[in-house]
> 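What follows is a structure written as structure tokens; I'll ask about it next.
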Amino acid sequence: MNPTSLQEESRTAFRVLFAISIAHLLNDMVQSIVPSIYPIIKEEMGLSFIQIGVITLVFQLTSSLLQPFVGMYADRRPSPYALAAGMCFTLTGLIWLAFTGSYAAMLGAVSVIGIGSSIFHPEASRVAQFAAGGKKGLAQSIFQVGGNGGTAIGPLLAALIVLPHGRLAVLWFALAAIMGALILTRVGRWYKRVVSNISGQRRKVRSVVDHLSKRRINMALAVLVVLTFSKQFYLASMTSYFTFFLIDKFGVSIQYSQIALFAFLAASAVGIIAGGYIGDKIGRKYVIWGSILGAAPFAIAMPYAGLTLTIILAIIVGLVISSAFSAILVYATELKPGKVGMIAGLFFGLSFGLGGVGAAFFGWLADIRGIYFVFEISTLLPLLGIVAAFLPDLKKIDKE
């Protein structure tokens, strides 16, 4: 890459990062519409809870399990306009979802929406890395916070737009998909200009792990999977059942419990950005270790605290534990240089899949033992952060 190209990329990096973050917000906002309209389609089609569960299963399978394979293909054949194509899949699925009249067609619609997500995330993560300009953690955090914002906004907009006006109102969200496709088309043009330099960037990153054996790299990836499990299972407990815990233990109103959940989610958004920035400064291993294990004492104390302290502890936990994901993802891509798409697809897929499994598991456990027991057990999960001690320090290796 010549100096002129480097200067151009430096000038456009944050513009590209914010564009891809906005597209992530729009993508995940649309994705979150699917579970939000379950009450409507259950009543319209007379569906059972088992049939609703199958819809979720199909949606999760297509949006989670396909991501690593899409990422592998993207690593071999980068496709600058695949991002816009993925959003077009989402648009097609939304329109299908609005007009379908049968259960089988409903499954087809949500699977197409899921495919759109599986195309978007791995390739978008590659774009974030190439736009990072040496700040991979911060870049991944900017990208990730858009998705978190979209996941939070989607159900709120569904409550305001779709639930009062019926399933056809889903078509309003098609505008978001169209906007996302337009943004991603412009991002694709930028990506096309830099994609020819990917092989050179791979050689630069590979030197970070040249000192590690294949066995140690695979062990480090296994540790990251365990850490992702502990984080996502705990977050599934908080996001799905924190409101029920507050209502059950303290007798607060639904509105108060929702405000408390919003405080937790807002703190999580701040933590995502902070984790990426700090990881670039001190090393991602320490952010991963500190964010998950560091959240443990606050999480463990939460079931035994009073109302005010519980809210404060939840905010601290959200701030600390959410900083892990961008650090985990960037660390994993450094372990497997040249396979950014595959690794991003794997860990995004794991996050989605484990989140769904965790919510179902804790729901089952709550039915058997009660919501308080769920919080006593789930708050032990951050203790698994201790396994981060087995991760090699890539920053030290890079200095050798």
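Just so you know, these numbers use all the heavy atoms, side chains as well, and skip hydrogens, waters and symmetry mates.
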> Is it the case that over 12 heavy atoms from other parts of the model lie below 6.0 angstrom from the OH atom of Tyr241?
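Atom OH in Tyr241 is packed in, count exceeds 12.
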> Using only atom types and a distance under 3.5 Å, with no angle test, would you say the side chain of Tyr372 pairs donor to acceptor with the backbone of Lys249?
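Such a contact is absent between Tyr372 side chain and Lys249 backbone.
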> Give the cluster check for Leu107 versus Leu97: same hydrophobic cluster or not, with ILVMFWY residues linked at side-chain heavy-atom distances below 4.5 Å.
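Yes, one cluster joins them.
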> Strictly by side-chain hydrogen bond (donor to acceptor under 3.5 Å, both in side chains), give each pair with a member in residues 92-104 just once, sequence neighbours left out.
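Every pair satisfying side-chain hydrogen bond (donor to acceptor under 3.5 Å, both in side chains) with a residue in residues 92-104: there are none.
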> So which heavy atom on Phe59 is nearest to which on Val110, and how close?
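In this case the closest contact between Phe59 and Val110 is CD1-O, 3.4 Å.
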> Above 12 or not: heavy atoms from other molecules or residues under 6.0 Å from CZ of Phe244?
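At most 12 heavy atoms, drawn from other residues, nucleotides or ligands, come within 6.0 Å of this atom.
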> Compare every heavy atom of Val170 with every heavy atom of Ala98, then report the nearest pair and how far apart it is.
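Looking at all heavy atoms of both residues, the closest pair is CB-CB, 4.3 Å.
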> Using atom types as modelled and distance alone, determine if a side-chain donor or acceptor of Ser118 lies under 3.5 Å from a backbone N or O of Ile115.
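Confirmed, Ser118 side chain pairs with Ile115 backbone.
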> Any donor and acceptor pair, going by atom type alone, linking the side chain of His24 with main-chain N or O of Ile20 inside 3.5 Å?
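Not confirmed, His24 side chain does not pair with Ile20 backbone.
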> Step through the shown structure and confirm whether more than 12 heavy atoms of other residues, nucleotides or ligands are within 6.0 Å of NZ on Lys285.
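Atom NZ in Lys285 is packed in, count exceeds 12.
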> Which donor-acceptor pairs under 3.5 Å do side chains of residues 322-332 form with protein atoms, sequence neighbours excluded?
{"unit_1": "Ser322", "atom_1": "OG", "unit_2": "Ser268", "atom_2": "O", "d": "2.7"}
{"unit_1": "Ser322", "atom_1": "OG", "unit_2": "Gly318", "atom_2": "O", "d": "2.7"}
{"unit_1": "Ser323", "atom_1": "OG", "unit_2": "Val320", "atom_2": "O", "d": "2.6"}
{"unit_1": "Ser326", "atom_1": "OG", "unit_2": "Ser141", "atom_2": "OG", "d": "3.0"}
{"unit_1": "Tyr331", "atom_1": "OH", "unit_2": "Pro392", "atom_2": "O", "d": "2.4"}

> Looking at Ser291 and Ile288, would you say the former's side chain and the latter's main chain have a donor-acceptor pair under 3.5 Å?
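Yes; at least one donor-acceptor contact below 3.5 Å.
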> In chain order, what residues pass the side-chain contact (heavy atoms from CB on, under 4.5 Å) check against Ala128, with sequence neighbours excluded?
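Testing Ala128 for side-chain contact (heavy atoms from CB on, under 4.5 Å), a comparison that skips the adjacent residues, returns Leu17, Gln140, Phe143.
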> Give the minimum heavy-atom separation between Phe390 and Val223, together with the two atoms involved.
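Heavy atoms of Phe390 and Val223 come nearest at CB-CG2, 4.1 Å.
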> For the residue pair His121 / Ser125, report whether a side-chain donor-acceptor contact shorter than 3.5 Å exists.
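Looking only at side-chain atoms, His121 and Ser125 do not form any donor-acceptor pair under 3.5 Å.
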> Verify the ring-centre separation between Phe229 and Phe233: is it less than 6.0 angstrom?
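Yes.
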> Under a plain distance cut-off of 3.5 Å, with no hydrogens placed, do Tyr191 and Arg126 share a side-chain donor-acceptor pair?
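Checked: Arg126/Tyr191 side chains pair up, N/O donor to acceptor below 3.5 Å.
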> Ring-plane angle category for Phe245 and Phe250, please: parallel below 30°, perpendicular beyond 60°, tilted otherwise.
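Phe245 and Phe250: perpendicular rings.
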> Quick check: do Gln232 and Leu235 have side-chain heavy atoms less than 4.5 Å from each other?
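They are in contact (side-chain heavy atoms under 4.5 Å apart), so the answer is yes.
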> Let's go through Ser257 and Thr243 carefully: what are the C-alpha distance in whole Å and the side-chain angles of both, what is the deciding distance for side chain to side chain donor-acceptor pair (under 3.5 Å) to 0.1 Å, and is it a yes or a no?
CA-CA 5 Å; Ser257 68; Thr243 54; 4.8 Å; no
> Mark yes when over 12 heavy atoms from residues, nucleotides or ligands other than Met45 sit less than 6.0 Å from its CE; otherwise mark no.
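Counting neighbours around CE of Met45, more than 12 heavy atoms of other residues, nucleotides or ligands fall under 6.0 Å, so yes.
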> Under a 3.5 Å distance rule, please check whether Lys192 uses its side chain to pair with a backbone N or O of Pro80 as donor and acceptor.
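Not confirmed, Lys192 side chain does not pair with Pro80 backbone.
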> If hydrophobic clusters are built from ILVMFWY residues whose side chains come within less than 4.5 Å, do Ile55 and Phe89 share one?
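Different hydrophobic clusters.
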> Please answer: with hydrophobic residues joined when any side-chain heavy atoms are less than 4.5 Å apart, are Ile371 and Ile368 in the same cluster?
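Yes, because Ile371 and Ile368 connect within a single hydrophobic cluster, where side-chain heavy atoms sit under 4.5 Å apart.
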> Ignoring hydrogens and geometry, is there a side-chain-to-backbone donor-acceptor pair from Ser111 to Val58 under 3.5 Å?
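Checking the backbone N and O of Val58 against the side chain of Ser111, no donor-acceptor pair under 3.5 Å is found.
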> Same cluster for Met342 and Leu346 if Ile/Leu/Val/Met/Phe/Trp/Tyr side chains link at under 4.5 Å?
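Linked, Met342 and Leu346 end up in one cluster.
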